[in-house]
Structure formats: structure tokens, C-alpha cells
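In what follows, a single structure is set out as C-alpha cells and then discussed.
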Amino acid sequence: MQAYRGLPILTAQPRRPTRLVGIWPLSHEGSVAEYARLAHVEIDRLLSAGSTPVVSGGTGLYLRAALVDLALPPAPTLELRAEWERLYDRLGPDRAHRVLGERDPEAAARVHPNDRRRVVRALELTELGSSLRPEADRLWTAETRHPTAVFGLEVPRELLAERIAERARQMLDAGVVEEARAALESPISSTAVRALGLRDVAELPRDAALEALITRTRRYAAYQRKWLRRISGLVSVSADRPSEEVADEIVEVASTRQRLPAA
């Protein structure tokens with residue numbers, strides 16, 4: 001979501017210059033495939049210049065897509081997506097899922113009937129001669145496009161909960177309500193509108209919006225922890241200390257593993 005312009009507070013965009021942040025208008029239907037192509041170009045450009053790319057974030061799938069060639073399936077046309085969305089809504093979850101089972105049994109086994117977005121996506125791919133289940137699932141392998149050290153920041157749950165609550169309060173103080181309302185009044189894609197807490201912040205009273213934002217973020221943080229545990233070769237780093245100490249440890253480990261230039 002940080003790739004979108006117009007939600008710098010809600011998506012906690014960094015203030016320092018960062019590649020691939022704020023590059024898409026809210027009306028753009030962003031995808032992991034498009035992001036992966038852009039990330040690969042930026043990473044390769046930095047390496048060619050003798051620099052060390054630092055990929056930071058975020059959603060686990062997008063992190064992996066930046067580091068690995070996932071051989072992602074093609075994006076559908078808007079017309080094709082609308083066609084399958086209409087079919088799903090007309091048939092209902094169970095019957096639409098049965099249609100998927102007839103066209104791609106392996107994909108159907110991976111998707112719950114009530115997951116409208118993924119059922120529709122799987123049906124689209126059958127039309128494009130592809131599958132939601134790729135021939136080679138590189139998502140959880142140790143494979144990367146370049147030699148890479150992957151670090152996971154570990155924070156005790158209680159401290160993480162405190163940080164989440166404090167950041168939510170800071171967002172409200174910084175004007176996130178006005179930002180969210182302006183975004184929803186503008187043309188916004190079905191991808192961007194799923195930004196965490198967007199509708200809560202724009203539509204609920206302040207106290208309820210704060211509570212909803214904290215709850216959603218804590219739930220998402222738990223989801224991210226599960227992602228972290230599945231990343232092959234992950235180096236866990238304690239992050240309940242000054243950020244300079246965390247950075248020093250990361251640089252030291254990366255240098256030992258010869259993932260950084262000697263300098």
C-alpha cells in the first residue's frame with residue numbers, strides 16, 4: 001500500500017527518499033506482478049552501481065516478489081475480471097467454487113468458496129491458460145535472484161502492542177481522518193481501497209476509529225509473524241532496543257556472510 005500516493009499517513013510512508021513509495025495514483029489497480037517487475041529493475045540498477053539494496057517492509061508476498069522470480073501469472077483485463085465477478089455473484093460462493101473445481105481442481109483445493117477475490121482470480125487464470133497454483137512454487141524456497149541476507153525484527157508482543165497503539169494515535173493526530181476521507185472521495189481502485197483501516201478511519205467516530213485501527217493492525221502483525229517464520233534462512237534480530245543497535249547488528253551479520261562490500 002505504500003506504493004500508492006495519497007495515503008502517506010495511513011500507510012506510514014517513510015519520510016526519507018525511498019524507491020517505489022508513492023509511485024501509483026489511488027485509481028491504479030496495482031498488482032504484485034507489476035511491483036515485482038519494478039523492484040527487480042531498481043535492485044539490479046543499484047547492484048550495477050556498486051550499491052547494496054535494502055528491501056524493507058511490509059507484506060510478505062511483496063517482499064518475496066521483490067527478492068525472487070516468482071513466475072507470477074498474467075494480469076487479467078478489467079473486462080475479464082468483471083465477467084467472472086458477475087458469475088460469482090450470480091451463482092453464489094459454493095456454485096462458483098464448483099465451477100472452479102471443474103476448471104482447475106488444484107486451485108479450488110487451495111481457495112475457500114467464500115474468498116470471492118481469490119475464487120475470481122483463479123477463474124480468470126483458467127481463462128488465461130494459467131493457474132493460481134504455479135508449476136513451481138517458489139514462495140517459500142530459499143531461492144533469491146541475488147545472494148541475499150533476510151532479517152526479521154523480533155519485538156515482544158506486549159511492546160509491539162504498545163507501539164501499534166501509539167502509532168495509531170499519532171496517525172489520528174497527524175490528520176489521517178482527512179487523508180482517508182479525501183482518498184475515498186477521489187477515484188480509487190479496488191486494490192487501494194483495501195488499505196488497512198481506510199474506511200474505519202474515514203467513517204467512524206474518532207474513538208471507534210482508533211480502536212478499529214489498533215485491532216486491525218494487531219491482527220495484521222500476527223499474520224506477518226507467521227509469514228516471517230516461514231521464510232527460509234531468516235535471521236531474527238531483537239528490535240526492542242535503539243534502532244542504531246539493530247542496524248549495527250544487521251550490518252555486522254550481512255558483512256560476515258559476505259552480503260556487503262568489504263567497505
Side-chain angles (χ1 to χ4, degrees), residues 1-4 11 14 18-24 28-78 80-81 103-111 115 117-153 189 191-192 194 223-236 250 253-255 257-261:
M1 291 299 172
Q2 289 186 341
Y4 282 105
T11 62
T18 307
R19 289 169 172 80
L20 304 190
V21 168
I23 58 172
W24 294 333
H28 181 70
E29 287 288 357
S31 70
V32 67
E34 180 182 7
Y35 179 84
R37 290 193 297 272
L38 296 171
H40 295 172
V41 168
E42 292 292 346
I43 289 169
D44 293 350
R45 183 179 294 150
L46 285 164
L47 288 170
S48 296
S51 298
T52 300
V54 177
V55 181
S56 179
T59 305
L61 176 59
Y62 276 68
L63 173 65
R64 288 293 291 161
L67 301 179
V68 184
D69 184 1
L70 292 178
L72 293 161
T77 63
L78 294 178
L80 180 60
R81 171 155 296 176
R103 298 173 69 99
D104 188 344
E106 288 193 35
R110 291 166 61 101
V111 182
D115 191 340
R117 185 172 65 88
R118 296 194 74 211
V119 171
V120 168
R121 177 59 173 148
L123 287 166
E124 292 168 359
L125 292 174
T126 65
E127 193 88 354
L128 297 169
S130 187
S131 174
L132 195 66
R133 183 174 183 83
E135 292 181 14
D137 191 350
R138 298 183 176 91
L139 192 57
W140 301 115
T141 68
E143 173 189 350
T144 53
R145 295 177 66 245
H146 301 286
T148 304
V150 184
F151 297 88
L153 304 184
S189 68
T191 304
R194 296 201 305 270
Y223 176 71
Q224 287 181 310
R225 281 178 179 270
K226 293 178 181 178
W227 258 94
L228 276 174
R229 295 190 191 103
R230 295 186 65 180
I231 295 177
S232 179
L234 180 81
V235 178
S236 292
I250 289 173
V253 173
S255 300
R257 294 188 174 199
Q258 298 182 328
R259 295 294 187 260
L260 290 173

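Bear in mind that the values here come from a model prediction, so they are computed numbers and not experimental data. Values below: every heavy atom of this structure, side chains too, minus hydrogens, waters and symmetry copies.
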Side-chain touch [X]/[Y], heavy atoms, less than 4.5 angstrom:
X	Y	value
W24	S189	no
L61	W227	yes
L47	P53	yes
L80	L128	yes
R64	R230	no
V150	L67	yes
V54	I250	no

Distance-only donor-acceptor check, side chains T126 and D104, under 3.5 Å
no
How far apart are the C-alpha atoms of T59 and V32, what are their side-chain angles, what is the distance that settles it, and do they pass the side-chain contact (heavy atoms from CB on, under 4.5 Å) test?
CA-CA 10 Å; T59 305; V32 67; over 6 Å; no
R81 versus V120, closest heavy-atom pair with distance
O-CG1, 4.2 Å
Distance-minimising heavy-atom pair for A66 and V55
CB-CG1, 4.0 Å
Please check if the number of heavy atoms outside E42 that lie under 6.0 Å from its CD is greater than 12.
yes
Would you indicate whether R19, at its atom CZ, is surrounded by more than 12 heavy atoms from other residues, nucleotides or ligands within a distance under 6.0 Å?
no
Checking R37 against E34 for the salt bridge (charged side-chain N to carboxylate O under 4.0 Å, His left out) test, could you report, in this order, the C-alpha distance in whole Å, the side-chain angles of both residues, the deciding distance, and whether it holds?
CA-CA 5 Å; R37 290 193 297 272; E34 180 182 7; 5.4 Å; no
[atom1]-[atom2] distance between [X] and [Y], expressed to the nearest 0.5 angstrom:
X	Y	atom1	atom2	value
S130	R121	OG	CZ	7.5 Å
T148	I43	OG1	CD1	7.5 Å
E143	S232	CD	OG	11.0 Å
Y35	L63	OH	CG	8.0 Å

Give a yes or no on whether the backbone of A65 and the side-chain of H40 come within a donor-acceptor separation of less than 3.5 Å.
yes
Is there a donor-acceptor pair under 3.5 Å between the side chain of Y4 and the backbone N or O of H28?
yes
Might you work through the side chain to side chain donor-acceptor pair (under 3.5 Å) test for E29 and T191, ending with a clear yes or no?
CA-CA 6 Å; E29 287 288 357; T191 304; 2.7 Å; yes
